[in-house]
Protein chains: 2
Amino acid sequence: MKRVTSKDVARVLGVSQSTVSRAFSADARIPEETRRKILESARTLGYTPNELARGLLKRKSNIVGVVMADMLNPFYPNVLDIMSRHLHGSGKRMLLFSVPNDTDVDEVLPFLLQYKVEGVIITSATLSSKMADVFRNHDTKVVLFNRAVYDHSVSSVCCENVDSSANVARLLVRAGHKQFAIIGGKPDTSTHIERSGGFQRELRRSGLTLLAEEFGGNTFEGGFRAAKALLGAKERPDAIFCISDVMAMGALDAARCELGLNVPGDVSIVGFDDIPSAAWPSYDLTTVRQPVEAMVSQALSILAEDVGYGSSAPVAVRVPGEIVIRRSAKLEPIRRKAHFPA
Amino acid sequence: MKRVTSKDVARVLGVSQSTVSRAFSADARIPEETRRKILESARTLGYTPNELARGLLKRKSNIVGVVMADMLNPFYPNVLDIMSRHLHGSGKRMLLFSVPNDTDVDEVLPFLLQYKVEGVIITSATLSSKMADVFRNHDTKVVLFNRAVYDHSVSSVCCENVDSSANVARLLVRAGHKQFAIIGGKPDTSTHIERSGGFQRELRRSGLTLLAEEFGGNTFEGGFRAAKALLGAKERPDAIFCISDVMAMGALDAARCELGLNVPGDVSIVGFDDIPSAAWPSYDLTTVRQPVEAMVSQALSILAEDVGYGSSAPVAVRVPGEIVIRRSAKLEPIRRKAHFPA
DNA sequence: CGAGTTTGTGCATACGTATGCATATTCTGG
DNA sequence: CCAGAATATGCATACGTATGCACAAACTCG
């Protein structure tokens with residue numbers, strides 16, 4: 001079958017191609033009546049504007065590139081879903097790249113430039129400053145999601161990691177815990193540094209100190225192993241703060257199923273993210289909820305240049321997190337109960 | 001900054017734009033030496049071919065559209081990840097749409113045509129036969145993933161739902177279960193019909209019959225509620241087959257945490273999918289593993305026209321599933337407890 | 001009723017690339 | 001050394017759309 005173009009529609013109605021084109025652009029001066037006829041005729045002919053041609057001419061596809069470096073972390077499906085909806089709602093499409101956790105994101109970024117994307121969102125990863133320059137030269141905005149860099153080379157949207165984590169520590173301390181451990185993700189990531197740092201800062205304020213820190217790479221198995229190591233040691237922590245929920249759930253299972261401990265009786269476990277399974281009765285995980293909707297909105301605003309007032313200077317947005325108290329941690333003073341189903 | 005095009009590269013090297021273009025196409029007759037120089041110069045200038053222009057000319061972007069109707073089901077992140085890798089491996093890009101579970105997929109499909117996608121993969125949803133025609137007219141292939149239609153209007157790739165489910169039933173029957181229940185997804189979906197049907201077929205073969213069927217919409221909460229209803233009834237099932245793992249996990253938590261039952265002591269629970277969390281110690285779910293890698297390969301083969309031998313007739317591919325035995329179901333013949341001699 | 005304004009439409013061109021055709025160059029073998 | 005083949009490259013054009021410009025028609029108002 002032959003494809004149908006704006007010229008075909010034009011010929012059928014005896015108008016020019018320009019007129020057809022204008023009927024599809026909202027802000028063109030064209031009488032409603034004509035537009036109606038054109039749109040109707042277009043529909044019966046099965047015509048839809050070719051986005052490739054449009055993009056070529058305007059030098060912008062209305063595509064936003066999304067690079068996910070940790071799709072298997074249960075935190076991200078929700079993020080992706082919300083991003084997809086938001087984008088679609090504002091007439092944009094999403095070009096998605098899922099890359100292995102330890103890949104160099106730089107390698108896939110050039111592909112995005114080839115499609116003249118309007119912007120790029122990178123989750124759980126960073127890009128080299130060289131690549132940041134490349135994007136700046138193509139004036140294509142980049143936003144890091146749930147990750148930050150401190151040299152102001154790119155924008156980022158994150159949860160208030162430091163304060164949220166400090167709050168977790170405060171609650172744990174107040175409840176009388178004495179021996180604190182952290183299960184981190186990956187050592188050199190902003191997420192880890194901030195959450196671990198915030199937690200420890202608060203410990204120091206209370207004159208306490210960290211017993212041990214393990215790394216679980218943000219996987220269930222990693223959290224499981226880390227907890228097993230921590231809880232099997234001579235000096236056992238009575239509170240473990242996990243930098244992400246998947247690890248917290250692994251830790252919980254290690255404590256209960258592997259070591260026969262009682263949670264939170266023997267050890268309190270707190271996570272970060274509030275992924276859906278954190279609310280499942282078997283886990284009932286106390287955690288810090290990341291405000292995904294708000295974070296996505298912010299990220300898209302940055303791309304849309306609503307933020308920063310035209311200055312293309314990178315911004316670092318922080319959205320406050322919220323502690324969700326369930327039953328994986330002993331938190332005496334505010335023994336509020338939010339269990340499943342609500 | 002001004003964008004750099006093939007003409008710019010051409011000018012720098014004193015060759016024509018055509019030559020530059022040919023350097024980027026693998027099958028063009030051009031001496032290696034020239035190509036090398038051009039590619040090098042392109043790299044220093046920061047030139048990459050504009051895919052929009054290329055697509056416009058060839059009438060094909062090398063983009064594959066993916067529509068996910070149930071992203072929040074933990075089965076899909078893995079699918080998406082694997083798809084993304086496979087596509088990227090064969091030089092294709094992915095345009096992703098995540099739509100609400102009950103949306104009409106038809107509405108987003110036209111957007112894909114606008115980008116002249118090479119093909120479309122739809123997961124957990126169907127398209128109207130009218131829309132199937134539209135795609136056929138644009139000769140753009142569509143493949144349903146984990147869903148099928150029976151009128152041969154579109155290709156599909158699924159697990160061997162019927163046989164796998166029958167096998168589950170056989171194992172449960174052999175182990176001595178008597179009272180069977182099913183927690184289904186959504187009534188009119190192929191996935192539900194086939195899995196529920198296969199299970200019941202095997203029951204009938206053994207002269208048994210289904211006690212009850214509930215629907216959980218493939219969510220944890222749905223499975224939770226369904227199991228609560230089933231297990232709270234006068235006649236309680238001793239085996240529940242859940243059409244998907246998320247629901248099985250909900251059912252498990254309902255049985256244990258809500259009703260205080262022992263799994264598999266009081267009731268055996270079997271799922272379908274083998275999502276990552278099925279292996280978590282707290283659940284340890286016996287389930288049917290869907291061979292995602294193989295399914296994705298098949299789907300992409302269909303799009304690439306490797307399957308079907310040039311005939312563009314839709315094909316229905318079925319990939320065998322594999323039962324993964326864990327501990328949420330009693331699958332050894334039940335040793336009846338010997339009564340004390342009278 | 002006419003000068004000026006508004007409104008509607010067409011013409012022509014540009015976006016950046018791929019490719020058929022023509023031409024120039026090198027190579028082959030007799 | 002030459003005819004013909006093979007190789008390398010340039011020219012010109014097409015892909016489908018958006019838009020500046022020009023122009024025609026309709027309208028405004030004094």
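Below, read A as the first sequence line, B as the second, and so on, with proteins coming before strands; counting in each chain starts at 1.
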Would F145(A) and Y76(A) satisfy ring-ring contact (aromatic ring centres under 6.0 Å, His included), going step by step from the backbone distance to the final call?
-> CA-CA 11 Å; F145(A) 188 95; Y76(A) 286 107; 7.2 Å; no
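Electrostatic pairing of D133(A) and K130(A) does not count as a salt bridge here, judged by no charged N lying under 4.0 Å from a carboxylate O. Electrostatic pairing of E40(A) and R36(A) counts as a salt bridge here, judged by a charged N lying under 4.0 Å from a carboxylate O. Ion pairing between a basic and an acidic side chain is recognised when a charged N comes within 4.0 Å of a carboxylate O; R54(A) and E51(A) show such pairing.
A heavy atom closer than 4.0 Å to some atom of DNA chain C occurs in no member of residues 34-42 of chain B.
Side-chain contact between T19(B) and I38(B) is present, with at least one heavy-atom pair separated by less than 4.5 Å.
The interatomic distance linking E33(B) (CD) with dT26(C) (C1') rounds to 17 Å, in whole Å.
By the neighbour-count criterion of 12 heavy atoms within 6.0 Å, atom CG of D151(B) is densely surrounded, having more than that number from other residues, nucleotides or ligands.
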Check: protein-nucleotides 14-18 of chain C nitrogen or oxygen pairs below 3.5 Å:
residue	atom	partner	partner atom	Å
dG16(C)	OP1	R3(B)	NE	2.7
dT17(C)	OP1	Y47(B)	OH	2.7
dT17(C)	OP1	N50(B)	N	3.0
dT17(C)	OP2	S6(B)	N	2.7
dT17(C)	OP2	S6(B)	OG	2.8
dA18(C)	OP1	R54(B)	NE	3.4
dA18(C)	OP1	R54(B)	NH1	3.0
dA18(C)	OP2	S21(B)	OG	2.5
dA18(C)	N7	Q17(B)	NE2	3.4
dA18(C)	N6	Q17(B)	OE1	3.1

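S190(A) places a side-chain N or O within 3.5 Å of a backbone atom of A148(A) that can act as its donor or acceptor partner.
Taking the ring centre of F111(B) as origin, the terminal cationic atom of R93(A) falls inside the region bounded by 6.0 Å and 45° from the ring axis.
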